[in-house]
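Read through the structure below, which is laid out as structure tokens, and then see the notes.
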Amino acid sequence: MKHLIDPTDLTVEETQEIIDLALDIIANRAKYSEKCKGKKLATLFYEPSTRTRLSFTAAMMELGGNVLGFADAASSSVSKGETVRDTVRVVENFADIIAMRHFLEGAQLAATEVSRVPIINAGDGSHAHPTQTLTDLLTITRELGRLDNLTIGFCGDLRFGRTVHSLIKALSRQKGIKIVLIAPPQLRLPDYIKQDVCDRLGLEYKEVDTLEEAMPELDVLYMTRVQKERFLDEDEYEAVKDSFVLDSEKMKLAKEKMAVLHPLPRVNEILEEVDSDPRAAYFRQVENGKFVRMALISSLLDWKDDPNHQMPKQEEVEVPGHLRCENKKCITRNEKSPRRAYKAPDGSLRCRYCDHKFK
Ligand code: NCD
């Protein structure tokens, strides 16, 4: 069985297969209108969402399937203290596939340990967001015609932005990718991505201080929101919230053929005056999200009993003594879980659920 918890759970070939299927769905909508007839998707959303949840719902409806679930943890048994693993053991009796968003990092990986149906990670804390990544890859393909040999700028909240983390991981498997990181010092990309993804896999990256500096060389500009809800300190948020704002003046510095992406919601990091620029791809990106989720749901259901589509084998090492994951937002710090670790390139032990270190 195949789950999608991290973008690298899909091989490069499987990722391409899903993008190609999404392109075919776009070209032949009617052909897929009963593809998932009689199947049910459960959407378990423990954290706010508009487009991700609605896009999963719309995707399943367009495939002829049905959807059930909750959009608010307060209205589910979680409020009575039920664990993620138990909730999944219950819901798998009602649904053929589950899409879950959770504020705890690694919650969906924990779910896969007990689930008899495919689990899709629709965002776990600040950690990963692989279906947004598929959306981004489809959008780049449709806007620029390729996924390799691109210079991609990431701007805004690179620390808490799970969409950024997952997209960088996925791009590290393409040829000729250069990334330019544009963020205030407090919101720089976490070390585990710099070391494990960029350094280890040889992904070329540089950090610059202004958008102006980066603009002329970019094929894609990936803007993100500064995520107020992830800050523990309001003053810290206030200090950085307006750090980088994209406007028409800055767009003049960009290539004629480039694409501005944003996972949305935007707050004020892209002025509305940019929306009418043909390079502003963020609302087209939303529609791509629905198509790619149609392709994903139908592929995971098709692959369910296929031995050629299994989860990748991950090397794990034993965790000595009383070490525990340092991340307070990790599922292992909040619900009873085994301690699972892998060895990072620098020799440290990292948590399989959230990629933070043990200490
Ligand atoms: C993003 C998310 O939830 O991580 N939105 C989305 O899924 N489209 C980005 C964000 O909330 O800023």
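Along the sequence shown, residues carry numbers from 1. Ligands are counted one by one from 1 in listed order, and the atoms in each one are counted from 1 as well.
Here's the thing with P263: one of its N/O atoms is less than 3.5 angstrom from an N/O atom of ligand 1. Residue E229 has no N or O atom closer than 3.5 Å to an N or O atom of ligand 1.
Of the listed residues (V267, L264, T224), the one carrying the non-hydrogen atom nearest atom 9 (C) of ligand 1 is L264.
Between F231 and Y237, the ring planes are perpendicular. Angles over 60° get that label, and only those under 30° would be called parallel.
Under a cut-off of 6.0 angstrom, the local environment of CE in M61 is sparse, with at most 12 non-hydrogen atoms contributed by other residues, nucleotides or ligands. Annotation: K343, atom NZ; neighbour count of heavy atoms from other residues, nucleotides and ligands within 6.0 Å does not exceed 12.
When only modelled atom types and interatomic distance are considered, T332 and R324 share no side-chain donor-acceptor pair under 3.5 Å.
Contact of the M251 side chain with the V274 side chain is registered, since non-hydrogen atoms from C-beta on lie closer than 4.5 Å. Counting heavy atoms from C-beta on, the side chains of T87 and Y46 come closer than 4.5 Å.
Of all atoms in ligand 1, listed by their number and element, those nearer than 4.0 Å to a heavy atom of Q227 are 10 (C), 12 (O). Against a heavy-atom cut-off of under 4.0 Å, R51 is close to the following atoms of ligand 1: 8 (N). Near R225, the atoms of ligand 1 lying under 4.0 angstrom from a non-hydrogen atom of the residue are 10 (C), 11 (O), 12 (O). Those atoms of ligand 1 that come under 4.0 Å of a heavy atom in H129, given as number and element, are 2 (C), 4 (O), 6 (C), 7 (O). Atoms of ligand 1 lying under 4.0 Å from any heavy atom of T52, numbered from 1 in the order shown and given with element: 6 (C), 7 (O), 8 (N). Near T163, the atoms of ligand 1 lying under 4.0 angstrom from a non-hydrogen atom of the residue are 1 (C), 4 (O). Residue Q132 approaches ligand 1 through these ligand atoms, each under 4.0 Å from one of its heavy atoms: 6 (C), 7 (O), 8 (N).
E238 is linked by a salt bridge (charged side-chain N to carboxylate O under 4.0 Å, His left out) to K241, counting only residues two or more places apart in sequence or in another chain.
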> How far apart are the C-alpha atoms of N327 and H127, what are their side-chain angles, what is the distance that settles it, and do they pass the side chain to side chain contact (heavy atoms under 4.5 Å, CB included) test?
Replying inline: CA-CA 11 Å; N327 176 14; H127 184 228; over 6 Å; no
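At least one heavy atom of R101 sits less than 4.0 Å from an atom of ligand 1.
Nearest to atom 3 (O) of ligand 1 among the protein's heavy atoms is R162 NH2, 2.9 Å.
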